[in-house]
Amino acid sequence: MEWRLTIPTASLLMLMLMSSLAKNQAQARNVFNIKDFGAVDDGNTDGSKALSDAWSKACNSRGTAVVLIPSGTYLLGPVRLAGPCNGAIEFQIKGDLKALNSPQLGIDHWITFRYIEDLTITGGGVLDGQGAAAWPSNDCKKNPNCQALPVTMRLDFVSDARIHDVTSLNSKNFHFNIFSCKNITFERVTIKAPDESPNTDGIHMALSSNVFIRDSDIGTGDDCVSLGPGSKNINMTGITCGPGHGISIGSLGGTPNEPAVAKVFVGSSTFTGTTNALRIKTRAPSFQGAVKDITFQDINVKNADNPIIIEQQYCPSKTCSSQSSQVKISNVKFSNIRGTSSSSVAININCSPAVPCTGIELRDIDLKYDGSNGNDEKTSSVCENAQGTAYGTQNPPSCWKSSTLRKLQFI
Ligand SMILES: *[C@@H]1O[C@H](CO)[C@@H](O)[C@H](O)[C@H]1NC(C)=O
Ligand SMILES: *[C@@H]1O[C@H](CO)[C@@H](O)[C@H](O)[C@H]1NC(C)=O
């Protein structure tokens, strides 16, 4: 039979070819597998050169590049993965990355990402900081010349990043540190370290805006999340915290010209067996600073020592004077906060006499005593230098008269 290519058939073929090309292009993701760059999954061979080489190739390629850590266990020395890159980067951790089993790494991080736009870190794998080797040498509380231990993952000057479905275990210092970043989302991240491990904050951020933390499980030795100066537009929901020191704004006021912490929302989260749950902490004496427009809403607290605490007289060193904090705290709402307190002072609002807190709002608070001595002690509130209002249920009785209808009283 004679084969004749009619014009309609030709156009159809052409169309099919074009659409399959377009499809391939949309799916084109260059994958850079660290094994192809010499990494060995024996948990023993340092893969840092392989990873750095894979990173350079990925960063310089066009389109979306995937840096793949396949399943297996890889030992990894400290690495700095820097941009700017030519396209989006997906850092896919399917295996386990293990830090060197020594206290120090000779640098302040294990894995740092910097100057990158459009980064995804995912894969279901594990970052194991091997912190047990480092924690005993954390003497920064006693030794002013101490060398800070390395942070598991630093993001410096990164924008539009999503970190999801990864686990960080036993960091030597903080698990994640976000510095000078924009639009960073954490989702379904698991963070674990023992409650006695020092300074193992889950996620610490500073000078960063539009940071979202969702549906993440954080149990560690220090703050589950801590917000340093210049944290703005921060939204945390669905966080399970414990053990740990809670979600903490601060400490602030330790350095001059700190930008404010503003527009922070913490919603639908649970704190179990934590030292604090919702905390704002500033130093005294301090430089000037501000904390404003903060909302804590729909929070469940189980057996926390200090469910609600504003602490403006924080002085970690021994040379504290009687001078007070210069950090102004305003517009802080606590709404629908329920559960149990392991100390009788469930609400402790201790503001600065120099710049009293204003606009503190307590709405529908029910915190029962859950002390170990078994009597029916009630919880109480302590407030100093704070102006506020209370609405709805107030257990413990609030420092301000309560009304379901309107605000009644200031101090
Ligand atoms: C934030 O980053 C994500 C990528 O993680 C991006 O898809 C989104 O467009 C960014 N949002 C803004 C407002 O830039
Ligand atoms: C925070 O994020 C949650 C869920 O992602 C959203 O429903 C809520 O409106 C956000 N809150 C604020 C104050 O942006």
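All ligand and atom numbering here is 1-based and tracks the order in the structure.
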### Query
Can you check whether a protein heavy atom sits less than 4.0 angstrom from atom 9 (O) of ligand 1?
no
### Task
Would you check if the side chain of N60 reaches a backbone N or O of S56 as a donor-acceptor pair within less than 3.5 Å?
yes
### Task
State whether Y391 and R363 meet the cation-pi test: NZ (Lys) or CZ (Arg) under 6.0 Å from the six-membered ring centroid, and within 45° of the perpendicular axis.
yes
### Message
With a 6.0 Å cut-off on the ring centroids, do F265 and F296 count as close?
### Response
no
### Query
Where do C399 and C383 land on the disulfide bond (SG atoms under 2.5 Å apart) test, with the steps shown first?
CA-CA 6 Å; C399 303; C383 310; 1.8 Å; yes
### Query
Can you find an N/O atom of N183 closer than 3.5 Å to an N/O atom of ligand 1?
yes
#### Entry: For atom 4 (C) of ligand 1, closest protein heavy-atom neighbour
D160 O, 4.0 Å
## Note on the structure
The complete set of salt bridge (Lys or Arg N to Asp or Glu O under 4.0 Å) pairs with one or both residues in residues 72-101, sequence neighbours excluded, reads R29-E90
### Residue selection (non-hydrogen contact nearest atom 1 (C) of ligand 2) among N235, T295, V264
N235
### Message
Return the closest protein heavy atom for atom 5 (O) of ligand 2 as residue, atom name and distance.
### Response
R214 NE, 3.3 Å
